[in-house]
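The next block holds one structure in the form of structure tokens; read it before the comments.
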Amino acid sequence: MTDRLDELYRPQIEQFGITLEEAGDALTGAVSDERARACVVVYRLKGLCVVTSHRIEVRSDMAFHERSVPGLCVCTLSADSLSLCPVAQPNRAQRAGNVAVFGHADDPQRCVLRAGDVHDAVSVTFLPEWFSRLEAREQRSALELIDEPGSACDAELACALDRCLCSMTPLFGGRLLDGASALRGAETAARTAIAWFEERSRAERAAGTREQARLVRAAERLVAMRMDEMLTLDELARALLTSRTRLCAVFRQETGESLGAYIRRSKMERARQLLERGGLSVSEVARGVGYPRVSSFTVAFERAFGMPPSAMGE
């Protein structure tokens with residue numbers, strides 16, 4: 001079990017050259033070099049759960065490999081970290097305090113961390129066996145949640161989980177905890193996320209939209225994860241094991257927006273975020289949102305925002 005816990009945090013941390021040392025019931029580490037300045041705090045709980053918090057200021061572009069999570073992750077993130085998270089992206093991410101819940105076992109993600117990025121995060125990752133400590137109803141809900149497409153959480157839930165998670169680490173206003181206190185915080189985060197999922201599921205079942213809503217969330221997540229591709233509706237439908245006709249009809253019914261319009265809007269919102277942050281050329285941003293030709297990207301951006309991408313940040 002120890003090796004499984006190691007896989008939840010060590011591969012990511014080791015990419016920055018961070019060595020962890022014991023500090024009471026926690027593990028802590030830091031590094032400052034030409035690539036990044038980073039601080040990390042980790043709790044390993046009952047052999048089945050890891051709480052990881054980090055503050056990373058990226059100083060030079062670097063390749064990064066994000067490992068898959070074989071259980072459930074509840075996290076609060078900066079905007080830069082949320083953009084790498086396997087969830088449907090909100091229209092406008094906050095600078096900090098973006099809360100997401102997801103469970104998956106996909107292939108590792110490969111990305112580039114850009115100079116100037118700030119990756120702040122507190123995450124609680126539970127292996128599936130952890131939920132055996134819960135009563136049967138919560139356990140069933142937790143296992144369903146692991147199989148759900150990841151979600152960025154709404155404002156009320158986000159505030160509650162952000163406070164809970166940040167209180168568990170000295171990096172974001174909390175304190176260094178003993179193991180028992182960290183475990184109580186992790187249990188609170190899990191139960192809060194499960195209660196939110198149960199309430200959302202009840203509402204969707206009552207409205208008869210459970211399966212449609214789940215398909216829409218899966219589509220939104222896939223669009224976010226393949227933002228740098230010119231993803232067609234046919235390719236999206238095949239990846240989701242449905243037909244293009246059904247997918248487009250369900251998406252419009254659930255959101256009031258066509259799937260094609262959603263994809264274009266998501267790409268342009270992401271492009272605007274990248275341009276506002278600075279550090280990337282227009283051509284780099286265009287490629288990052290799946291436009292190999294800058295001219296096509298410029299036309300789409302002007303149509304969306306009424307100004308050329310080169311005008312952003314002036």
Side-chain angles (χ1 to χ4, degrees), residues 57-66 77-95 98 100 106-119 149-152 216-240 244 247-248 251-252 254-314:
E57 299 173 13
V58 183
R59 290 172 168 168
S60 61
D61 293 359
M62 60 177 289
F64 186 75
H65 302 273
E66 184 68 74
L77 307 147
S78 63
D80 290 336
S81 283
L82 181 65
S83 69
L84 305 180
C85 194
V87 301
Q89 299 293 299
N91 288 341
R92 296 288 282 179
Q94 304 178 91
R95 187 177 183 86
N98 303 284
D106 295 334
D107 293 334
Q109 300 176 46
R110 294 170 175 81
C111 57
V112 176
L113 305 185
R114 299 289 184 181
D117 283 359
V118 177
H119 291 279
S151 297
V216 168
R217 286 192 290 271
E220 291 173 338
R221 175 186 178 275
L222 190 55
V223 169
M225 292 298 95
R226 297 175 64 176
M227 186 68 69
D228 61 346
E229 302 177 26
M230 287 300 287
L231 186 64
T232 69
L233 299 184
D234 287 330
E235 289 169 338
L236 188 56
R238 282 196 295 272
L240 296 171
R244 171 176 170 162
L247 177 59
C248 290
F251 197 94
R252 184 180 286 277
E254 289 294 306
T255 69
E257 182 179 29
S258 75
L259 180 54
Y262 172 80
I263 293 172
R264 290 189 295 273
R265 179 170 59 80
S266 298
K267 286 177 177 290
M268 292 302 104
E269 288 291 347
R270 177 61 178 152
R272 180 165 68 174
Q273 292 170 9
L274 293 172
L275 290 165
E276 287 177 342
R277 188 178 66 189
L280 296 178
S281 68
V282 171
S283 61
E284 288 174 320
V285 171
R287 289 194 298 273
V289 294
Y291 282 80
R293 295 176 58 188
V294 175
S295 58
S296 299
F297 169 70
T298 299
V299 169
F301 194 92
E302 288 182 338
R303 185 179 295 125
F305 301 116
M307 66 177 70
S310 58
M312 295 297 296
E314 292 182 354

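Note: hydrogens, waters and symmetry copies are ignored here, and every other heavy atom, side chains too, is used.
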Go through the structure and list residues passing salt bridge (Lys or Arg N to Asp or Glu O under 4.0 Å) with Arg217, not counting sequence neighbours. Glu148, Glu204
Would you please name every residue forming a salt bridge (Lys or Arg N to Asp or Glu O under 4.0 Å) with Arg270, sequence neighbours left out? none
Side chain proximity check, Pro292 to Met230, heavy atoms < 4.5 angstrom: yes
Which atoms form the tightest heavy-atom contact between Val87 and Gly150, and what is the distance? CG1-C, 3.6 Å
Closest non-hydrogen contact found for Ala100 with Leu77 is CB-CD1, 4.3 Å
For the CZ atom of Arg287 and the OG atom of Ser281, what is their distance to the nearest 0.5 Å? 6.0 Å
Suppose the criterion is salt bridge (charged side-chain N to carboxylate O under 4.0 Å, His left out): which pairs have a residue in residues 79-89, not counting sequence neighbours? Asp80-Arg277
Smallest separation among heavy atoms of Ala88 and Ala152, with atom names: O-CB, 3.9 Å
With Arg238, the side-chain contact (heavy atoms from CB on, under 4.5 Å) member among Leu236, Asp234, Leu240: Asp234
Write down the atom of Asn98, the atom of Ser78, and the distance for their closest heavy-atom approach. ND2-C, 3.7 Å
Closest non-hydrogen atom pair between Ala79 and Gln94, with its separation: CB-O, 3.2 Å
Hey, is the main chain of Leu82 close enough, under 3.5 Å, to the side chain of Gln89 for a donor-acceptor pair? yes
Look up atom CG in Leu231 and atom CG in Leu259, then write down how far apart they are to the nearest 0.5 Å. 8.5 Å
Check the pair Arg264 / Met268 against side chain to side chain contact (heavy atoms under 4.5 Å, CB included), numbers first and verdict last. CA-CA 6 Å; Arg264 290 189 295 273; Met268 292 302 104; 5.5 Å; no
Sequence-distant partners of Arg59, salt bridge (Lys or Arg N to Asp or Glu O under 4.0 Å), two or more places apart: none
Check ring pair (Phe, Tyr, Trp, His ring centres under 6.0 Å) between Phe301 and all other residues, then give those that pass, not counting sequence neighbours. Phe297, Phe305
How many angstroms lie between CE in Met225 and SG in Cys111, if you round to the nearest 0.5 Å? 9.5 Å
Could you please spell out the steps behind the side chain to side chain contact (heavy atoms under 4.5 Å, CB included) verdict for Arg114 and Leu274? CA-CA 10 Å; Arg114 299 289 184 181; Leu274 293 172; over 6 Å; no
At what distance, to the nearest 0.5 angstrom, does CD1 of Ile263 lie from CZ of Phe251? 7.5 Å
Residue pairs fulfilling side-chain hydrogen bond (donor to acceptor under 3.5 Å, both in side chains) with at least one residue in residues 224-233, sequence neighbours excluded: Arg226-Glu229, Thr232-Glu235
Val289 and Lys267 have their tightest heavy-atom pair at O-NZ, 2.8 Å
Between Leu233 and Leu247, does the side chain to side chain contact (heavy atoms under 4.5 Å, CB included) criterion hold? Intermediate values first, please. CA-CA 9 Å; Leu233 299 184; Leu247 177 59; over 6 Å; no
For the pair Tyr262 and Thr255, evaluate side chain to side chain contact (heavy atoms under 4.5 Å, CB included) and give the outcome as yes or no after the intermediate values. CA-CA 9 Å; Tyr262 172 80; Thr255 69; over 6 Å; no
Please determine whether the number of non-hydrogen atoms from other residues, nucleotides or ligands lying under 6.0 Å from atom CZ of Arg293 exceeds 12. no
